[in-house]
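All chains are named by letter (A, B, ...) in the order of the sequence lines, taking the proteins before the strands, and each is independently numbered beginning at 1.
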2 protein chains.
Amino acid sequence: MELQIQIKMNEKLYLRDPEHTELGKNIILHSIKMIYKLGFESFTFRKLALDIGTTEAGIYRYFENKHRLLVYIIAWYWSWLEYRVKIHTYNIYNPEERLRIVLKLLATTVEDDIQTSHVNESILHQIIIAESTKAFMTNHVTDDNKDQLFKPYKDLCKAIGDFILACNPNYKYPKSLANSIIEIAHIQNFFMHNLPALTDFADEKDESKILEFLEDLVFASIGKY
Amino acid sequence: MELQIQIKMNEKLYLRDPEHTELGKNIILHSIKMIYKLGFESFTFRKLALDIGTTEAGIYRYFENKHRLLVYIIAWYWSWLEYRVKIHTYNIYNPEERLRIVLKLLATTVEDDIQTSHVNESILHQIIIAESTKAFMTNHVTDDNKDQLFKPYKDLCKAIGDFILACNPNYKYPKSLANSIIEIAHIQNFFMHNLPALTDFADEKDESKILEFLEDLVFASIGKY
DNA sequence: TTGAGATAATAGTAATACTATCATAAAAAA
DNA sequence: TTTTTTATGATAGTATTACTATTATCTCAA
């Protein structure tokens with residue numbers, strides 16, 4: 001038996017559902033590779049079209065512009081991560097252990113443990129690290145938010161915030177701490193690889209050190225250290 | 001007596017020093033206003049030239065491209081902030097008090113307490129919140145780092161890291177905690193204003209709440225709570 | 001067999017991100 | 001005072017990006 005998961009995406013994210021067609025799936029697959037390789041700024045629909053063997057117009061039928069495509073990809077990642085969090089914390093009833101599992105999922109490179117057809121999750125994780133805040137750090141963030149484009153991120157933060165509260169119901173900043181640990185995990189990873197002097201992990205370049213830092217931070221903050 | 005501070009900028013940041021000429025100062029002044037208003041993505045040299053009443057070519061004489069201009073502005077901010085940190089912690093010998101002062105400088109809107117001619121520091125702070133990570137989140141981060149473009153940010157982190165160590169010489173992650181608190185301060189501020197459901201400060205929209213969160217986080221982490 | 005849905009091919013536009021050239025005005029050096 | 005440097009303005013031009021529009025073709029399902 002081969003299991004496939006399918007993530008239902010917000011319809012505002014696309015013009016035509018890329019999951020429904022071969023070209024659509026190719027757009028997702030190749031855009032992930034290309035954004036990873038070139039960085040989001042240098043990534044263009046023209047280059048993507050050339051790579052896939054289609055035309056710019058073809059891609060514009062699926063996505064309004066490259067920013068929407070980025071938001072789509074990132075939203076997919078957050079949904080997928082929330083799903084992973086659910087699976088990995090299933091049947092675990094100790095709140096601290098659950099939180100530890102979440103931190104590990106956030107801070108370490110994904111192993112392809114869930115089958116998804118057309119997405120390379122490990123490369124996607126690298127995109128998230130470098131590009132994910134660009135999804136909302138725009139001057140149209142309010143409109144995008146009204147279209148619910150950031151719901152997967154919010155849902156994940158909500159879930160993590162609830163885990164934090166389960167550890168310590170009196171902790172005053174569960175939501176803020178939730179998104180903080182996500183963003184810290186990414187920025188530490190980015191700095192470790194690109195501006196290592198800014199971190200305490202320069203020598204080892206080891207993700208498990210980031211995880212230790214995060215655990216230290218979180219459990220000290222919620223008073224369970 | 002009127003005191004003016006002058007920040008010496010890395011020469012790689014510009015083609016022609018904007019501090020030396022009227023046009024140069026105008027470029028800085030107007031670009032800050034315009035990036036604040038339009039967001040960095042919608043900001044162009046054409047619009048800036050029109051606003052100043054010069055030509056695109058004129059601006060290209062000062063800055064290679066709009067990204068370099070952003071990095072210049074941000075680098076200026078970090079240098080200025082490090083200077084502020086120095087002044088405000090001068091003659092304060094209690095390490096925890098010093099750290100508290102730094103957190104306040106990081107988390108709250110600047111009052112124009114130091115005279116600088118052509119920079120609106122309070123608008124600049126808003127730019128930093130929304131755009132500062134875009135300075136290094138690029139695929140040319142390594143080259144830019146070799147050119148020392150991020151030195152002011154690194155210097156500030158170093159200073160904060162030293163304050164952290166002064167509070168607790170055994171704390172294992174002073175550098176990582178230093179940049180983490182900077183980035184958390186910004187992201188909480190951004191979320192509070194733009195995606196308030198993600199924070200615990202939604203109702204009040206009050207920077208002092210962010211400061212409380214940061215203090216809680218930092219002093220818990222270094223074990224002085 | 002018809003027709004809906006998807007794609008390819010082509011064309012075209014406005015804006016962006018630059019580079020180059022030349023004339024001129026102002027400031028500094030001779 | 002004259003010369004030279006420096007900064008700016010005016011103008012022009014190119015490649016690329018970010019789109020939109022049109023038409024022809026292909027495929028699959030009713």
Side-chain angles (χ1 to χ4, degrees), chain A residues 11-31 34-35 37-73 118 131 134-135 138-140 143-144, chain B residues 9 11-31 34-35 37-73 117-118 131 134-135 138-140 143-144:
Chain A
E11 290 182 12
K12 298 261 175 159
L13 283 166
Y14 50 77
L15 299 172
R16 177 174 298 175
D17 191 344
E19 301 274 353
H20 280 9
T21 64
E22 271 313 298
L23 179 58
K25 287 178 198 169
N26 262 322
I27 290 171
I28 304 302
L29 181 69
H30 285 84
S31 62
M34 196 167 263
I35 292 172
K37 202 174 155 197
L38 306 179
F40 183 63
E41 285 72 30
S42 303
F43 164 79
T44 69
F45 275 5
R46 197 179 125 74
K47 291 173 188 166
L48 178 62
L50 233 68
D51 194 46
I52 296 176
T54 181
T55 58
E56 266 184 280
I59 295 167
Y60 277 107
R61 264 185 237 112
Y62 284 84
F63 293 98
E64 224 176 306
N65 53 54
K66 72 171 184 168
H67 185 263
R68 277 288 157 115
L69 173 53
L70 180 72
V71 176
Y72 178 96
I73 288 171
H118 52 288
E131 322 286 2
K134 294 172 190 169
T138 67
N139 63 333
H140 46 87
D143 294 336
D144 289 353
Chain B
M9 301 294 290
E11 290 182 12
K12 298 259 176 161
L13 284 166
Y14 51 77
L15 300 172
R16 177 176 299 175
D17 189 345
E19 301 275 351
H20 280 10
T21 65
E22 270 314 299
L23 179 59
K25 286 178 199 169
N26 262 322
I27 290 171
I28 303 303
L29 181 69
H30 285 83
S31 62
M34 196 168 262
I35 292 172
K37 201 174 154 197
L38 305 179
F40 183 64
E41 285 72 29
S42 303
F43 163 80
T44 70
F45 275 5
R46 199 179 124 74
K47 291 172 188 167
L48 178 61
L50 233 67
D51 194 46
I52 296 177
T54 181
T55 59
E56 266 184 279
I59 295 166
Y60 277 107
R61 273 188 218 110
Y62 283 83
F63 292 98
E64 226 177 304
N65 53 52
K66 71 170 184 168
H67 186 263
R68 278 287 158 116
L69 173 52
L70 179 72
V71 176
Y72 178 96
I73 289 171
S117 49
H118 52 290
E131 321 287 1
K134 294 173 190 169
T138 67
N139 63 334
H140 46 86
D143 293 337
D144 289 353

Sequence neighbours excluded, which residues qualify as side chain to side chain contact (heavy atoms under 4.5 Å, CB included) partners of [X]?
X: A:Thr55; value: A:Ala57
X: B:Arg61; value: B:Arg16
X: B:Lys37; value: none
X: B:Glu22; value: B:Lys25

Next on the checklist: Judged by each residue's nearest nucleotide on DNA chain C, which is more toward the 5′ side, B:Ala57 or B:Tyr60?
Outcome noted: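 Going by which nucleotide is closer to the 5' end, it is B:Tyr60.
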Checklist entry - Once you round to the nearest 0.5 Å, how far does CG of B:Leu48 lie from CG of B:Leu69? => result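 Between atom CG of B:Leu48 and atom CG of B:Leu69 there are 7.0 Å.
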Next on the checklist: Does A:Tyr62 reach a base, just sugar-phosphate, or nothing at all? Heavy atoms under 4.0 Å.
Outcome noted: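 Counting heavy atoms under 4.0 Å across all strands, the contact made by A:Tyr62 is with sugar-phosphate only.
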Next on the checklist: Applying a 4.0 Å non-hydrogen cut-off, can you work out what B:Glu64 is touching in the nucleic acid: base, sugar-phosphate, or nothing?
Outcome noted: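 Touches sugar-phosphate only.
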Item to check | Range on DNA chain D touched by chain B - first to last nucleotide, heavy-atom distance under 4.0 Å | outcome: D:dA7 to D:dT11
Checklist entry - Which residues pass the salt bridge (charged side-chain N to carboxylate O under 4.0 Å, His left out) test with A:Glu56, sequence neighbours left out? => result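 Checked A:Glu56 against salt bridge (charged side-chain N to carboxylate O under 4.0 Å, His left out); zero matches.
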Next on the checklist: List the residues meeting salt bridge (charged side-chain N to carboxylate O under 4.0 Å, His left out) with A:Lys47, not counting sequence neighbours, and say none if there are none.
Outcome noted: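 Applying salt bridge (charged side-chain N to carboxylate O under 4.0 Å, His left out) to A:Lys47 gives none.
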Next on the checklist: Applying ring-ring contact (aromatic ring centres under 6.0 Å, His included), can you list everything that pairs with B:Phe45, at least two apart in sequence or on another chain?
Outcome noted: B:Tyr60
Checklist outcome for this item: For A:Phe43, the ring-ring contact (aromatic ring centres under 6.0 Å, His included) test, sequence neighbours excluded, returns none
Checklist entry - Quick one: do B:Arg68 and B:Asp144 make a salt bridge, cutoff under 4.0 Å? => result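 Counted as a salt bridge, because a side-chain N and a carboxylate O are separated by less than 4.0 Å.
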Item to check | Inter-axis angle, terminal five-pair segments of the helix from C:dT1-D:dA30 to C:dA30-D:dT1 [nearest 10°] | outcome: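 Computed angle between terminal axes is 10°.
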Next on the checklist: Can you give me the first and the last nucleotide of DNA chain C (5' to 3') that has an atom within less than 4.0 angstrom of a non-hydrogen atom in chain B?
Outcome noted: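 First and last nucleotides in contact are C:dT16 to C:dA20.
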Checklist entry - Between the side chains of B:Tyr62 and B:Thr21, is a donor N or O closer than 3.5 angstrom to an acceptor N or O? => result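 Yes - a donor-acceptor pair under 3.5 Å links their side chains.
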Checklist entry - More than 12 heavy atoms of other residues, nucleotides or ligands under 6.0 Å from NE2 of B:His140: is that the case? => result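 It does: B:His140 NE2 has more than 12 such atoms within range.
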Checklist entry - Does any N or O in the side chain of B:Lys66 come within less than 3.5 Å of the main-chain N or O of B:Glu41, such that one atom is a donor and the other an acceptor? => result yes
Checklist entry - Using a heavy-atom distance cut-off of less than 4.0 Å, which residues of residues 42-53 of chain B contact DNA chain D? => result none
